[in-house]
Amino acid sequence: MKAIISERYGSPDTLKLSEVATPTPKQNQVLVRVHASSINFGNLVLLTGKPLPARLAFGLMKPKYPIPGGDIAGIVEAIGEKVTQFQVGDKVYGDLSRSGWGAFAEYVVVDEKGLALKPSNLSFTEAAAVPMAATTALQAIRDKGMVSAGQEVLIHGASGGVGTFAVQIAKAFGAEVTAVVSTRNIDIVRSLGADHVIDYKNEDFFNHNQTFDLIFGVNGSQSISTYKRKLKENGVFIHVGGTSSQMYQTITVGTLLSMIGKKKFIPFMQRTNQNDLVLMKKLIEEGKVKPVIDRSYSLSGVPKAFQYFENGHSQGKVIITI
């Protein structure tokens, strides 16, 4: 089969399209013919080996997982003898981040718990945009932010892959959502249901008097002290993206502030969860959530897709069709 191979950490130019053996599913695994995948921040970490602490999980000197890619949408081609949830021919989508990655390939094996049936109203291309980005937003907003109806939520970086899902999921939970985006993305987040939109190109939202129950930091470079001023007394800041310095501040200064005060500062990483994939399927089929796709690339175009993604200005998801 054809696959994108990463043999060393570096720029997108280090990736190459190669022929490799098609994997065989083990007892609890499913072989999926991949129709589409997408790029997430975790894929960028696998490519570059940065931030450096990530190498403890992904390989110290070279990538532990030579075929990058986490999201998949495709058709079940074969199943292991102990697989009970799927059968050959099922249309599925899933997250490989706990199953050895490998989505940028024509075939992949994945533990059946990393898959769910594809939303029936989405194409494979659309479904591939969902798994990691949507469950990141879901787990952060529901589990860490514990958002409920009537609460005020600010999403900083609302027009990217995670951000577009976060706006819709927060609205589905009944929150009043303020989205922070650049001028060109105002119409996108309004179409997704944002109640208020702040154009950071022309406004400094930190000068606004409003405070929030939850600030979801998907992008940005503001300091923890700045976010602290914008939180309500028992507010929560959740970091999933942004600059490396902001991440380290959340881990260090944020942890200290959380210990001595009522405001909480949480660094967050998504974890594969089959139940969450099933819930996202339900929300999508009910019309409460939809993926936003910026552009698509072929498998051979993965290096160019990474170059575009690295710029950090994608409107929604960057898709890989296979």
Side-chain angles (χ1 to χ4, degrees), residues 30 32 34-43 69-76 85-86 90-99 103 108 110-149 153 155 157-175 177 188-189 191-194 214 216 218 238 240-241 268-294 316-320:
V30 174
V32 178
V34 182
H35 284 248
S37 182
S38 67
I39 295 182
N40 297 281
F41 179 74
N43 306 138
D71 290 335
I72 61 164
I75 297 177
V76 174
Q85 299 183 55
F86 302 99
D90 282 346
K91 297 177 181 179
V92 296
Y93 80 138
D95 174 2
L96 309 185
S97 60
R98 305 292 171 180
S99 298
V108 69
V110 56
D111 187 286
E112 66 174 331
K113 294 181 180 179
L115 295 172
L117 294 176
K118 178 181 73 66
S120 59
N121 57 337
L122 296 186
S123 66
F124 288 115
T125 299
E126 293 168 327
V130 177
M132 294 184 71
T135 57
T136 296
L138 174 65
Q139 291 170 13
I141 289 170
R142 180 195 62 195
D143 302 337
K144 299 299 181 180
M146 294 183 286
V147 169
S148 58
V153 174
I155 300 170
S159 60
V162 174
T164 51
F165 283 113
V167 170
Q168 299 174 83
I169 290 169
K171 286 298 298 179
F173 287 172
V177 175
I188 289 176
V189 293
S191 73
L192 298 176
L214 169 66
F216 190 33
V218 186
I238 301 175
V240 297
F268 177 73
M269 288 185 64
Q270 168 262 11
R271 296 187 67 86
T272 303
N273 186 300
Q274 188 180 56
N275 290 333
D276 289 344
L277 290 172
V278 173
L279 176 57
M280 289 310 308
K281 176 179 184 293
K282 179 175 183 291
L283 291 174
I284 290 167
E285 290 179 341
E286 290 176 347
K288 295 179 180 178
V289 177
K290 63 180 180 181
V292 176
I293 294 175
D294 185 322
K317 294 290 304 226
V318 176
I319 302 298
I320 308 300

**Q** Taking atom NZ of Lys281 as the centre, does the number of heavy atoms from other residues, nucleotides or ligands within less than 6.0 Å exceed 12?
**A**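 Atom NZ in Lys281 is packed in, count exceeds 12.
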**Q** So, taking the atom named NE2 in His35 and the one named CD1 in Ile75, what distance separates them when rounded to the nearest 0.5 Å?
**A**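 Result: 3.5 Å between the selected atoms.
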**Q** Do Phe41 and Met132 have side chains that approach each other closer than 4.5 Å (heavy atoms only, starting at C-beta)?
**A**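 With C-beta onward as the side chain, the pair stays apart.
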**Q** What are the two closest non-hydrogen atoms of Ala103 and Gly70, and how far apart are they?
**A**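 That would be CB-N, 3.7 Å.
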**Q** Heavy atoms, side chains only, cut-off 4.5 Å: are Leu115 and Val32 in contact?
**A**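 Yes; the side chains approach each other to less than 4.5 Å.
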**Q** With side chain to side chain donor-acceptor pair (under 3.5 Å) as the test, pick out the partner of Lys317 among Asn40, Thr125, Asp294.
**A**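 Single side chain to side chain donor-acceptor pair (under 3.5 Å) partner of Lys317 among Asn40, Thr125, Asp294: Asn40.
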**Q** Near Lys144 NZ, under 6.0 Å, is it more than 12 heavy atoms from other residues, nucleotides or ligands?
**A**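 Check fails, neighbour count at 12 or below.
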**Q** Could you tell me whether the side chain of Ser37 and the main chain of Ile320 form a donor-acceptor pair under 3.5 Å?
**A**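 No.
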**Q** Taking atom OG of Ser99 and atom CD of Glu112, what is their separation to the nearest 0.5 Å?
**A**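 Going from the OG atom of Ser99 to the CD atom of Glu112 covers 11.0 Å.
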**Q** Please tell me whether Asn273 and Gln139 have a donor and an acceptor in their side chains that are separated by less than 3.5 angstrom.
**A**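 Side chains of Asn273 and Gln139: no pair found under 3.5 Å.
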**Q** Would you indicate whether the side-chain heavy atoms of Thr164 and Leu192 approach each other to under 4.5 Å?
**A**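 Yes, close enough: below the 4.5 Å cut-off.
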**Q** Do you know the tightest heavy-atom contact between Thr272 and Ser97?
**A**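 Looking at all heavy atoms of both residues, the closest pair is OG1-OG, 3.2 Å.
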**Q** Roughly how far, to the nearest 0.5 Å, is CG of Leu122 from NZ of Lys91?
**A**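 Lys91 atom NZ to Leu122 atom CG measures 12.0 Å (nearest 0.5 Å).
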**Q** Within the 4.5 Å heavy-atom criterion, are Val162 and Phe216 side-chain neighbours or not?
**A**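 Answer yes - side chains close enough.
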**Q** Heavy atoms, side chains only, cut-off 4.5 Å: are Gln270 and Asp95 in contact?
**A**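 Yes, close enough: below the 4.5 Å cut-off.
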**Q** Which heavy atom in Ala36 sits nearest to a heavy atom in Phe124, and how many Å separate them?
**A**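 Of all heavy-atom pairs spanning Ala36 and Phe124, the closest is CB-O, 3.7 Å.
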**Q** Around atom CZ of Arg271, are there more than 12 heavy atoms from other residues, nucleotides or ligands closer than 6.0 Å?
**A**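 No, because the 6.0 Å sphere around CZ of Arg271 holds 12 heavy atoms or fewer from other groups.
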**Q** Determine the minimum heavy-atom distance between Ser123 and Lys118, stating which atoms define it.
**A**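 Heavy atoms of Ser123 and Lys118 come nearest at O-CD, 4.2 Å.
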**Q** Compare every heavy atom of Ala175 with every heavy atom of Val147, then report the nearest pair and how far apart it is.
**A**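 That closest heavy-atom pairing would be CG1-CB, 3.7 Å.
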**Q** Within the structure provided, determine whether Arg142 and Leu279 are in side-chain contact (heavy-atom separation under 4.5 Å).
**A**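 Yes, at least one pair of side-chain atoms sits under 4.5 Å.
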**Q** With the side chain counted from C-beta on, respond yes when Ile141 and Val153 share a heavy-atom pair under 4.5 Å apart, and no when they do not.
**A**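 Of all side-chain heavy-atom pairs linking Val153 with Ile141, none is under 4.5 Å.
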**Q** Counting only N and O atoms by type, is there a donor-acceptor contact under 3.5 Å from the side chain of Asp71 to the main-chain atoms of Val130?
**A**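 No, Asp71 side chain to Val130 backbone: no donor-acceptor pair under 3.5 Å.
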**Q** Heavy atoms, side chains only, cut-off 4.5 Å: are Phe86 and Leu117 in contact?
**A**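 Side chain of Phe86 against side chain of Leu117, heavy atoms only: contact under 4.5 Å found.
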**Q** Backbone N or O of Ser120 within a donor-acceptor pair of the Glu285 side chain at under 3.5 Å?
**A**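 Yes.
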